J.: 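The structure is given below, and queries will be raised subsequently.
Convention: sequence-line order gives letters A, B, ...; per-chain numbering from 1. Computed from a predicted structure; not experimentally measured.
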2 protein chains.
Amino acid sequence: MEALNRQGLDERKRQILRAIVDDYIETAEPVGSRNLVDRHALNLSSATVRNEMSDLESLGYLEQPHTSAGRIPSDLGYREYVDHLMRVDELTPEESAAIRDRLRDSFDEVTELLRKASGVLASQTGYTSLAVTPRVRQSHLRQLKMLMIEPGRALVVVVLAAGVVKDRLVRIPDALDADMLARISSAIEEGLSGMRLEDITLVTVATAASRARLPETLLNQVLYEAYVSIKQADNLEVYLEGQHRMLEYPEFRDVDRARTYLEAIHRDGIIAGYLSEDSCPERDEEEDEADPRFAKTVDDQGTTAGIRRRCPYMIRIGQEISLDGMRDCSFVTTTYKVGDRIVGNIGVIGPKRMEYARVVSNIQFVRKALNENLRRLMVRYGKQGTEEDGR
Amino acid sequence: MEALNRQGLDERKRQILRAIVDDYIETAEPVGSRNLVDRHALNLSSATVRNEMSDLESLGYLEQPHTSAGRIPSDLGYREYVDHLMRVDELTPEESAAIRDRLRDSFDEVTELLRKASGVLASQTGYTSLAVTPRVRQSHLRQLKMLMIEPGRALVVVVLAAGVVKDRLVRIPDALDADMLARISSAIEEGLSGMRLEDITLVTVATAASRARLPETLLNQVLYEAYVSIKQADNLEVYLEGQHRMLEYPEFRDVDRARTYLEAIHRDGIIAGYLSEDSCPERDEEEDEADPRFAKTVDDQGTTAGIRRRCPYMIRIGQEISLDGMRDCSFVTTTYKVGDRIVGNIGVIGPKRMEYARVVSNIQFVRKALNENLRRLMVRYGKQGTEEDGR
DNA sequence: CCTTAGCACTCGAGACAAATGAGTGCTAAG
DNA sequence: CTTAGCACTCATTTGTCTCGAGTGCTAAGG
């Protein structure tokens, strides 16, 4: 009983654990043995289930809020559940059609598409969703234009491989006219085009700019602003949707908890940083995308056989999230691709007791739809983007 | 007693009402007669105060949650308080310096400045704050540039009088090259430059574009996108800050109320629309700005004299806000100016029981600092902006 | 006539105890 | 190994009681 057999639980324990997590996700109440046998057609007595539950508890999968209450899943229990037990169904045709519809709309901007994707996820799942703009550090600079707005002010437009565009208003010396500005920007562009963003330094920009053959006094401020604009292209933005939905769930009946959660979510840039630091599965997309559908739903028997599927999403549960104030939450995240090496994250934040299966199926579908749309954007308008981007 | 004398309350009633609102703002507890005389040095017995309170109640300024509880201010009571009773102090030099500091930072963009202003307001007051991007409908188009990003995609940059810049990625026909695009955009710019945004229609754009002398098939999509971009320049954005702070106040201990509030705040565009539809004081800014300080704090005697000061801020209390879910809140809003006729709003949302005086002094100062900064932006870089903008 | 002391009354909040019931662990029999 | 049975635990609910802040009213006093 204390054996903690690493190779996993026997079938009955698995069944019971699944049933418990399912119930708890649904009711948010500690689940007791009697109720469990009633609700699920387990051919067992409550006493037997009690014994099994006791085992599961000493194995670390369950917890008891107090004696004489039912059990609730521990983080480990959820982990087992999402890794091996839950049943992920495909979306119904109606659901997927609805999502496709909402995403298909007008958009020519990655950000617009991301906003929508986030909105879809939030309304589909009923939890908080987020989308992080792509990380472009590894991407190549394709264009850098500077547009005179009025004397002393210019718009710097940074175009990256894969058609990502960022811009920024900057101050420039008053003495600079449109022509000089154009000379500078094309000098910089020529010098830097094709370089990775992360390899561009103030020095490289300065070197490039010097070809413009203009007095340093004029040049310096401009090239500095250009440099900053390039660097800022990699600033991450987060689109949050449906934050207030969390307040509907009983775990947030406590206002303090709700506040902690909201504060955590808004703590500047923390979430973006956290999500981007370990961006889950690297090289399975091809296969994932090739599949007509993500047909890797786990079925009852399948799981027993112990097949280890690589999953295109990542789930972090409770303690696994090392952010203050999010210890009662879970993240389900995945990546999307713009072009070849530019990736970003989308995800759902919910209570630990979230409906993982539904979230996973939705997020996988949104990921797919998003990638499709982004690819379409590329193929139509950015062909040289993907080529140029060193494979 | 039932006389409801329109001309206002006698001095003692005013004093008592002020004391009650002050106390209630501080404690969030219904205030009783005895406590009131204790806390404020009223030279009255509690019985007298009780009588006065009873009067104030029948006049509609106070409410009783239930018999045997103290009184709380009604919406009318708050109204009287903010209009005639509260004492607005100037900020301490330290506070104003701190605000100036936080706003002075780097910025060349209106939006950046607005974000910061909103952040300052939130952290200074402890409530939720918001900033709405300026309404530019009445503003004049100064430039319209189209920048080729890659075949089939372009960036449309719209520059308005007063140096407001908006841009947008659009699709264009693949066949269009950079040169043609430049011709189109300069044709449109020439044709529309100087027009008010609100006067620009698809027809005027088309007429302007036709001067480019390019085949219609190429032209049409581009001019349509140009048109949309121009129209979208007037889309309002809202920057919210400190939403979660509201959850600290006892009126939002109830999660449902908190949720309603959060939902209301995020309901798309509602707040922006609401704020912008009646943008308070129109023509007193000159004077306000001229004053060394907003020295119009209401002092005890002054108010009795019934001077009607025009106030550069607007307060909406409870029921006066016609937005679902905001009935327990108050808005304190004001306008800022970019150039001559471009205005936007900033404001604070708090519980009805908010510290109006502190909020007002902060918001006035932020407004002033914001206007200064924006003016500086204008004067330095956008001189022709204010000239061109028809006075 | 206004103010104030006094008093009876109201009513929510908090404390406490008892009842309820869902759930457990253990044991002994099948 | 399973299961019926039983004693036990403990959070939650319900009811009762008290406490106290607050009110309105009345009658006496300046």
Side-chain angles (χ1 to χ4, degrees), chain A residues 1-3 9-17 19-21 23-24 26-59 61-74 77 250-251 253-254, chain B residues 1-3 5 9-17 19-21 23-24 26-59 61-74 250-251 253-254:
Chain A
M1 208 170 280
E2 282 292 348
L9 307 163
D10 64 49
E11 188 51 29
R12 196 171 66 182
K13 283 202 175 52
R14 296 163 48 85
Q15 240 181 55
I16 288 174
L17 180 54
I20 292 172
V21 180
D23 274 18
Y24 186 66
E26 191 176 336
T27 64
E29 299 286 319
V31 1
S33 52
R34 169 181 295 255
N35 258 310
L36 198 71
V37 286
D38 287 357
R39 300 184 43 136
H40 307 260
L42 302 177
N43 282 326
L44 294 171
S45 72
S46 64
T48 310
V49 171
R50 270 203 292 284
N51 288 331
E52 293 288 33
M53 284 166 94
S54 175
D55 287 2
L56 284 169
E57 184 173 355
S58 58
L59 287 170
Y61 294 100
L62 297 178
E63 293 174 349
Q64 229 174 345
H66 55 266
T67 348
S68 93
R71 306 299 213 291
I72 62 174
S74 66
E251 26 272 277
R253 293 314 300 179
D254 178 23
Chain B
M1 208 170 280
E2 282 293 346
N5 54 342
L9 307 163
D10 65 45
E11 187 52 29
R12 195 170 67 180
K13 282 200 175 53
R14 296 163 48 82
Q15 239 181 56
I16 289 174
L17 180 54
I20 291 172
V21 180
D23 273 20
Y24 185 65
E26 190 176 335
T27 65
E29 300 285 320
V31 1
S33 50
R34 168 181 293 254
N35 256 311
L36 197 69
V37 286
D38 285 357
R39 300 185 42 137
H40 306 261
L42 302 178
N43 282 328
L44 295 171
S45 74
S46 63
T48 310
V49 171
R50 271 203 293 283
N51 288 332
E52 294 286 35
M53 284 167 95
S54 176
D55 287 2
L56 283 169
E57 183 172 358
S58 58
L59 288 169
Y61 293 101
L62 296 178
E63 294 173 348
Q64 229 174 346
H66 55 266
T67 349
S68 94
R71 306 298 211 294
I72 63 174
S74 67
E251 27 273 277
R253 293 314 297 179
D254 176 24

J.: Specify the separation, in whole Å, of atom OH of A:Tyr24 and atom P of C:dA22.
T.: 19 Å
J.: In whole angstrom, what separates A:Leu36's CG from C:dG23's P?
T.: 10 Å
J.: B:Thr27 side chain to B:Asp23 main-chain N or O, any donor-acceptor pair under 3.5 Å?
T.: yes
J.: Would you say A:Arg50 and A:Ser33 are linked by a side-chain donor-acceptor pair, where the criterion is simply a distance under 3.5 Å?
T.: yes
J.: Is the distance from OP1 or OP2 of C:dT24 to the nearest side-chain N or O of A:Ser33 less than 4.0 Å?
T.: yes
J.: From CE of A:Met53 over to C1' of D:dT3, roughly how many Å is that when rounded to an integer?
T.: 16 Å
J.: With side chain to side chain contact (heavy atoms under 4.5 Å, CB included) as the test, pick out the partner of A:Gln15 among A:Asp10, A:Leu9, A:Leu42.
T.: A:Leu42
J.: Expressed as a whole number of angstroms, how long is the span from A:Glu29:CD to C:dG21:P?
T.: 16 Å
J.: Polar atoms only, N or O, under 3.5 Å: list the protein pairs with nucleotides 16-20 of chain D and their distances.
T.:
none

J.: Measure CD1/A:Ile72 against P/D:dA11 and give the value in whole Å, please.
T.: 14 Å
J.: Does a side-chain N or O of A:Arg34 approach OP1 or OP2 of C:dG21 to a distance below 4.0 Å, or not?
T.: no
J.: Can you tell me the distance, in whole Å, between the CG atom of B:Leu62 and the P atom of D:dT23?
T.: 10 Å
J.: Check the pair B:Arg12, B:Thr48 against side chain to side chain contact (heavy atoms under 4.5 Å, CB included), reporting the backbone distance first and the verdict last.
T.: CA-CA 11 Å; B:Arg12 195 170 67 180; B:Thr48 310; 3.8 Å; yes
J.: Between atom CZ in A:Arg71 and atom P in D:dA11, what is the gap in whole Å?
T.: 15 Å
J.: Is the shortest side-chain N to carboxylate O distance from A:Arg71 to A:Glu63 below 4.0 Å?
T.: no
J.: Can you figure out which of D:dT9, D:dA21, D:dG24 approaches the side chain of A:Thr67 most closely?
T.: D:dT9
J.: When you measure from the side chain of B:Asn35, which nucleotide among D:dG22, C:dT24, D:dT23 comes out closest?
T.: D:dG22
J.: When the C1' atoms of the five terminal pairs at each end define the local axes, what inter-axis angle does the helix from C:dC1-D:dG30 to C:dG30-D:dC1 show, to 10 degrees?
T.: 20°
J.: Counting distance only, does the side-chain N/O of A:Gln64 pair as donor-acceptor with the main-chain N or O of A:Ala69 below 3.5 Å?
T.: yes
J.: Output one line per pair: protein atom, nucleotide atom from nucleotides 2-5 of chain C, and distance, for all N/O pairs under 3.5 Å.
T.:
unit_1, atom_1, unit_2, atom_2, d
C:dT3, OP1, B:Arg12, NH1, 2.7
C:dT3, OP2, B:Arg12, NH2, 3.1
C:dT4, OP2, B:Ser45, N, 3.2
C:dT4, OP2, B:Thr48, OG1, 2.7

J.: Give me the atom names and distance for the closest heavy-atom approach of B:Pro65 to B:Pro30.
T.: CG-CG, 4.0 Å
J.: Rounded to the nearest 0.5 Å, how far does CZ of A:Arg34 lie from OG of A:Ser45?
T.: 10.5 Å
J.: Flag the pair B:Glu26 and B:Arg39 as a salt bridge only when some basic side-chain nitrogen lies within less than 4.0 angstrom of an acidic carboxylate oxygen.
T.: yes
J.: Among C:dG25, C:dC11, D:dT23, which nucleotide sits nearest the side chain of B:His66?
T.: C:dC11
J.: Does a side-chain heavy-atom distance below 4.5 Å link A:Ile16 with A:Leu56?
T.: yes
J.: Whole Å only: how far is the CD1 atom of B:Ile20 from the P atom of D:dG22?
T.: 12 Å
J.: Please find the pair of heavy atoms, one from B:Ile20 and one from B:Val31, that lie closest to each other, and give the distance.
T.: O-CG1, 3.8 Å
J.: Looking only at heavy atoms, which two atoms of B:Pro73 and B:Leu62 are closest? And how far apart?
T.: CA-CD2, 3.9 Å
